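Quick notes on the structure that follows.
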Number of protein chains: 2
Amino acid sequence: MPKSKKKSETKAPVATPCSKCPLRKLEAFRKFTDEELDFVSNFKSGELVLGAGTTIFSEGTNSPHLYTVLTGWAFKYKTLEDGRRQVLNFAMPGDFIGLQASIFDVITHSVEALTDVVLCVFPREKLWTLYKKHTGLAFDVTWLGAHEESILGEYLMTVGQRRAGERIAFVLLHLYRRAQQLGLARGNSFSLPMTQEHLADTIGFSLVHTNKTLKQLRKMGAFKWTGTALEIVDEGKLEALVGPVVEPRMPRPFI
Amino acid sequence: MPKSKKKSETKAPVATPCSKCPLRKLEAFRKFTDEELDFVSNFKSGELVLGAGTTIFSEGTNSPHLYTVLTGWAFKYKTLEDGRRQVLNFAMPGDFIGLQASIFDVITHSVEALTDVVLCVFPREKLWTLYKKHTGLAFDVTWLGAHEESILGEYLMTVGQRRAGERIAFVLLHLYRRAQQLGLARGNSFSLPMTQEHLADTIGFSLVHTNKTLKQLRKMGAFKWTGTALEIVDEGKLEALVGPVVEPRMPRPFI
DNA sequence: CGTTACCTTGAATCTCCTCAATACACGTGG
DNA sequence: CCACGTGTATTGAGGAGATTCAAGGTAACG
């Protein structure tokens, strides 16, 4: 197996084979056929291990690789010239990173590792073969892209229309649900590896105002956020702030 | 035999054949192979003509059809229970409508015709054949989905981080560029068939504040917006307000 | 000619922002 | 071991920016 990757890749002598991928067991993902599993195992060219804070993609650049998150969290964001930053979404295990770069020849947002992460690496040039020979997987790629779009739509609605408390409730609830699906929650707690500044840049408020709104929500007993752990104390209260959300009816694919 | 087609799908007596689609001539779109053109002509099952104000899709529902816009404008939006509305994007000729419904079995936003529109109708069940037999077109579908995602990202950044004048400048400039690509602009003017309320719901401000900000921009000579026509008087001023924007490097596909 | 939809403007109020200062945890070097 | 810097969280105060309420104007239309 040739090894010709750069950046701060550590040698992973024992890359997880796709057949034994821990994500595969989760209910949230669809089952692969043997053929698909075979192809994907072959598609995967290695693993990339990066430390928290590392920039994975930079807006306006390109990359010969496509990634999925195996473990850890990352976040996608855009910045304006004067430094204002908008967080678009958080990437958790099973999520694609850099699909745009493969399709547009340029990526329109940056991506940074929020925790230490392990990424599965897929060479961009084989994406065509995937489309050519594995229609089901091609559909999956489209599914994932469309899903990203629908999440961005939810965030856009949130930032454009909801008030401070509702925005925070939406984001925390959304991340909680995702953590649950991935088996990352213990009871009603999960590890939330972000700062209040990340949250502020997600919901479009200043850090100070985010902090004060968090205080209000804490006081009304909605959640506890101590250190890196978030405990959802009163899920109903958060749901009431957010309102109903439409979710896809088809199972999540996974490459 | 009356030619009046309303709300319901009609067997259009003279549907535009894809080979003679006026959009095909535009530089902004990639060229099809004869084979692809053949398939798409066959994929298209008819045309749907709808009046301005008609709801094309309703959030949370489903549809056996997939549409592209042939002529006219539509807009995608989401609403909260109390009526607050967020416009996500505007659909212009060449844009998909309802791809999500085909992929998720449910659509996560509503779509309404902004002007009278003509839509090309594609039966959802043939999408699989497209993926199976026309890899290039399958890639195109993914391209369009990913492009929607990147536009939503720009809007999210706009609503989350830019101030009032910048938000308006961004949206107007974005629509102007799109109109230019589609050959809908005459000089630096184009038909902008929306109200200030649509704009307000796009940028996340109240109607009143949107109106007052528009006045400022008009006063500084950036544009004129009279009736349904928008004239970009000083493009540089708008660009300065918005800053640089990353665009895809691959040509836009078209189904 | 009255209704309706849209645009415009002023005034009062509230949300959110910026500035500024403090507090705490952590890691580093002296 | 402590002193110090750094990153993060917290809180208060004053002001800019956005909202709501209210009223009036204009153009289109049946």
Side-chain angles (χ1 to χ4, degrees), chain A residues 51-54 75 80 82-87 112-115 158-169 171-172 191-219 223-231 241, chain B residues 51-54 73 75 80 82-87 112-116 158-169 171-172 191-219 223-231 241:
Chain A
T54 309
F75 67 101
L80 294 175
D82 63 4
R84 282 174 283 175
R85 177 179 71 170
Q86 177 66 40
V87 172
E112 184 181 319
L114 197 54
T115 64
T158 296
V159 170
Q161 302 299 328
R162 295 197 233 248
R163 26 189 73 265
E166 298 167 343
R167 295 192 200 183
I168 290 180
V171 172
L172 296 186
S191 165
L192 186 65
M194 66 173 72
T195 66
Q196 292 186 3
E197 193 168 9
H198 289 113
L199 181 57
D201 288 347
T202 304
I203 62 177
F205 281 129
S206 71
L207 172 58
V208 173
H209 195 246
T210 301
N211 179 283
K212 287 172 181 172
T213 307
L214 276 170
K215 187 184 176 182
Q216 284 183 353
L217 292 176
R218 239 186 284 118
K219 246 181 193 164
F223 57 78
K224 291 175 188 167
W225 188 2
T226 52
T228 74
L230 180 71
E231 179 189 349
L241 279 171
Chain B
T54 309
W73 290 43
F75 67 101
L80 294 175
D82 64 2
R84 281 174 284 175
R85 177 179 71 171
Q86 177 66 41
V87 172
E112 184 181 319
L114 197 54
T115 64
D116 293 349
T158 295
V159 170
Q161 302 299 326
R162 295 197 232 247
R163 37 190 83 257
E166 297 168 345
R167 296 191 200 183
I168 291 180
V171 172
L172 296 186
S191 165
L192 186 65
M194 67 172 73
T195 66
Q196 292 186 4
E197 194 167 9
H198 288 114
L199 181 56
D201 289 346
T202 305
I203 63 178
F205 282 129
S206 71
L207 172 60
V208 172
H209 195 244
T210 301
N211 179 283
K212 288 172 180 171
T213 307
L214 275 169
K215 186 183 177 182
Q216 284 185 354
L217 292 176
R218 239 186 284 121
K219 244 180 194 163
F223 57 79
K224 291 175 189 166
W225 187 3
T226 51
T228 75
L230 181 71
E231 180 188 349
L241 279 171

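All values derive from a computational prediction rather than experimental measurement. Reminder, nothing fancy here: chain letters follow the sequence lines and each chain counts from 1.
Across A:E166 and B:R84, no two heavy atoms sit closer than the pair OE1-NH1, 3.1 Å. Scanning all heavy atoms of the two residues, the minimum distance from B:T54 to B:G51 falls at OG1-O, 2.6 Å. Nearest heavy-atom pair, A:W225 versus A:M194, reported as atom, atom and distance to 0.1 Å: CZ2-O, 3.4 Å.
To the nearest angstrom, C1' of D:dA9 lies 14 Å from CD1 of A:I168. The distance between atom CG of A:D201 and atom C1' of D:dT8, rounded to the nearest whole Å, is 14 Å. Rounded to whole angstrom, the span from the CD atom of B:Q161 across to the P atom of D:dG17 amounts to 16 Å.
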Do nucleotides 9-28 of chain C as a string where each nucleotide becomes B, S or -: B if the base has a protein heavy atom under 4.0 Å, S if just the sugar-phosphate does, - if no protein is that close. BBB----BSBB---------
Classify every nucleotide of nucleotides 24-30 of chain D by which part a protein heavy atom approaches to under 4.0 Å, writing B for the base, S for the sugar-phosphate alone and - for neither, in 5'-to-3' order. -------
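The closest side-chain heavy-atom distance from B:T213 to B:F205 is not below 4.5 Å. Between B:L172 and B:L217 there is no side-chain heavy-atom pair separated by less than 4.5 Å. A 4.5 Å side-chain heavy-atom check between A:F75 and A:D201 finds every atom pair outside the cut-off.
Counting only distance, with no hydrogens or angles, the side chain of A:R162 and the backbone of A:R167 share no donor-acceptor pair below 3.5 Å.
When each of A:T228, A:L230, A:L199, A:L114 is checked for a side chain to side chain contact (heavy atoms under 4.5 Å, CB included) with A:L192, only A:L230 meets the rule.
In this model, the phosphate group of D:dG7 is not approached by any side-chain N or O of A:Q196 to a distance below 4.0 Å at OP1 or OP2.
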